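For reference, the structure discussed in these notes is given below.
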Amino acid sequence: MDELEQWRIQLQQWSRQGAEWFHQMPETQLYAAIAVVFVTTFFLLSIRLFKRTKSNTVVLTGLSGSGKTTLFYQLQDGSSHLGTVTSMDPNEGTFVLHSEIAKKGKIKPVHVVDVPGHSRLRPKLDEFLPQAAGIVFVVDALEFLPNCRAASEYLYDILTKSSVVKKKIPVLILCNKTDKVTAHTKEFIRKQLEKEIEKFRASRSAISAADVVNEFTLGVPGEAFGFSQCHNKVTVADASGLTGEISQLEEFIREYVKP
């Protein structure tokens, strides 16, 4: 009890000394000290709020049949779910990546959304883009050429959306089904997409401003289009949903959704 009493007396002395120091301080110094405390508190709260609200959402999109749903299940539980059909509703889940389940320590879950690729269902994409930390545009590397124009137009629309450009959301063009011998390489797919998007860019720039539905333009005037000219970072990678070779997809996710 004697020790507690000594601490109580000491705290009272410190309190009186603090009050005396506060009253003796000139008004200008007092206001300056209050301002410093206020600014510091605001700064620390802003940092905590930013960390707290940083998105962990990754959106899978692309044409129907490109293999998005298979990739979704590979990320979730490591299976290909053979026999999956074209999705009519988004597949959505928050989980630790299957490849990281055995890792020790705290692993941040990822919110993955697989958006249907059917043209009538694509407006659903706009519901998820504002919260996306990254976009994965899945391309069927096996049946690429017959679908090149449609895939390019869809990708063009994504890359010119305000919600994507303003937030500079990174985009991964994921060439799926590359385990097949007749699949096209990612270099070939990238070049063909750039050529096709260049055609869209030229044709749409000729339309009057009142008729253009895209919110931003792509590329540099007078130069052939390349993904390096985009407002946001665009990369190309390989994958095979059926065999589970999705390491480049996982690397992209963890680059923008930290563990």
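Predicted model only: the values in this text are computed from it and were never measured. Values below: all heavy atoms of this structure, side chains included; hydrogens, waters and symmetry mates excluded. Position 1 is the first residue of the sequence, and the numbers go up from there.
F95 and I107 fall into different hydrophobic clusters, where Ile, Leu, Val, Met, Phe, Trp and Tyr are joined by side-chain heavy atoms under 4.5 Å apart, directly or via other members. One hydrophobic cluster, built from ILVMFWY side chains closer than 4.5 Å, cannot hold both I101 and Y73; they sit in different ones. If you chain together hydrophobic residues whose side chains sit under 4.5 Å apart, V236 and L142 never meet in one group.
Residue pairs meeting the salt bridge (charged side-chain N to carboxylate O under 4.0 Å, His left out) criterion with at least one member in residues 228-238, sequence neighbours excluded: K233-E255.
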Steps toward side-chain contact (heavy atoms from CB on, under 4.5 Å) verdict (E92, F128): CA-CA 11 Å; E92 187 175 355; F128 300 102; 3.9 Å; yes
Q74 vs S79, side-chain hydrogen bond (donor to acceptor under 3.5 Å, both in side chains): CA-CA, chis, key distance, verdict: CA-CA 5 Å; Q74 283 286 6; S79 69; over 6 Å; no
Derivation of the salt bridge (Lys or Arg N to Asp or Glu O under 4.0 Å) call for K195 and E198: CA-CA 5 Å; K195 289 179 181 178; E198 170 64 19; over 6 Å; no
Chi angles and distances behind the side-chain hydrogen bond (donor to acceptor under 3.5 Å, both in side chains) call for D179, S240: CA-CA 6 Å; D179 57 299; S240 173; 2.7 Å; yes
Check against side-chain contact (heavy atoms from CB on, under 4.5 Å), H111 and V58: CA-CA 6 Å; H111 179 220; V58 173; over 6 Å; no
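Between F225 and F227, the ring planes lie perpendicular to each other; the angle is over 60°, past the 30° to 60° tilted range. Taking the six-membered ring where the residue is Trp, Y156 and F200 present tilted rings, their angle falling between 30° and 60°.
Residues D140 and L63 are not in side-chain contact: their nearest non-hydrogen atoms beyond the backbone lie 4.5 Å or more apart. Taking the side chain as every heavy atom from C-beta outward, D114 and L71 never approach each other to under 4.5 Å. Counting heavy atoms from C-beta on, the side chains of V110 and L97 come closer than 4.5 Å. I189 places none of its side-chain heavy atoms less than 4.5 Å from the side chain of T185. Between H98 and L75 there is no side-chain heavy-atom pair separated by less than 4.5 Å. I135 places none of its side-chain heavy atoms less than 4.5 Å from the side chain of P170. Side-chain contact between Q192 and F188: present, with at least one pair of heavy atoms (C-beta onward) separated by less than 4.5 Å. Residues L159 and V165 are not in side-chain contact: their nearest non-hydrogen atoms beyond the backbone lie 4.5 Å or more apart.
Although no hydrogens or angles enter the test, the distance criterion places no donor-acceptor pair under 3.5 Å between the side chain of N176 and the main chain of V138. Remark: side-chain polar atoms of S66 are not paired, donor with acceptor, to backbone N or O of G62 under 3.5 angstrom. A donor-acceptor pair under 3.5 Å links the side-chain atoms of H231 to the main chain of T217, judged by distance alone.
Using a 4.0 Å cut-off between a side-chain N of Lys or Arg and a carboxylate O of Asp or Glu, E127 and K124 do not qualify as a salt bridge. In summary, K177 and E143 do not engage in a salt bridge, as defined by a charged side-chain N under 4.0 Å from a carboxylate O. For the pair K199 and E196, the salt-bridge criterion is met [side-chain N within less than 4.0 Å of a carboxylate O]. Taking a cutoff of 4.0 Å between a charged side-chain nitrogen and a carboxylate oxygen, R149 and E153 do not qualify as a salt bridge.
Considering V113, V112, T69 as possible partners of N91, the one that fulfils the side-chain contact (heavy atoms from CB on, under 4.5 Å) test is T69.
Going from atom OG1 of T182 over to atom NZ of K180 covers 8.5 Å, rounded to the nearest 0.5 Å. Atom CD of E250 is separated from atom CZ of R254 by 9.0 Å, given to the nearest 0.5 angstrom. If you take CG on L125 and OG1 on T61, they are separated by 4.5 Å, rounding to the nearest 0.5 Å. Annotation: the span from C230 atom SG to K168 atom NZ amounts to 12.0 Å, rounded to 0.5 Å. Distance check, rounded to the nearest 0.5 Å: NZ of K108 to CD of E100 gives 12.5 Å. Separation of atoms CZ (R190) and CD1 (I173) is listed at 9.0 Å; rounding is to 0.5 Å.
Closest approach of Q229 to G219, counting heavy atoms only: OE1-CA, 3.1 Å. Nearest heavy-atom pair across V115 and K68 is O-CE, 3.0 Å. Considering every non-hydrogen atom in both A239 and T178, the closest pair reads O-OG1, 2.9 Å. Between S64 and G117, the shortest heavy-atom contact is OG-C, 3.3 Å. The minimum heavy-atom distance linking L172 with A237 is given by the pair CD1-CB, 3.7 Å. Closest approach of S55 to V257, counting heavy atoms only: O-CG2, 4.3 Å.
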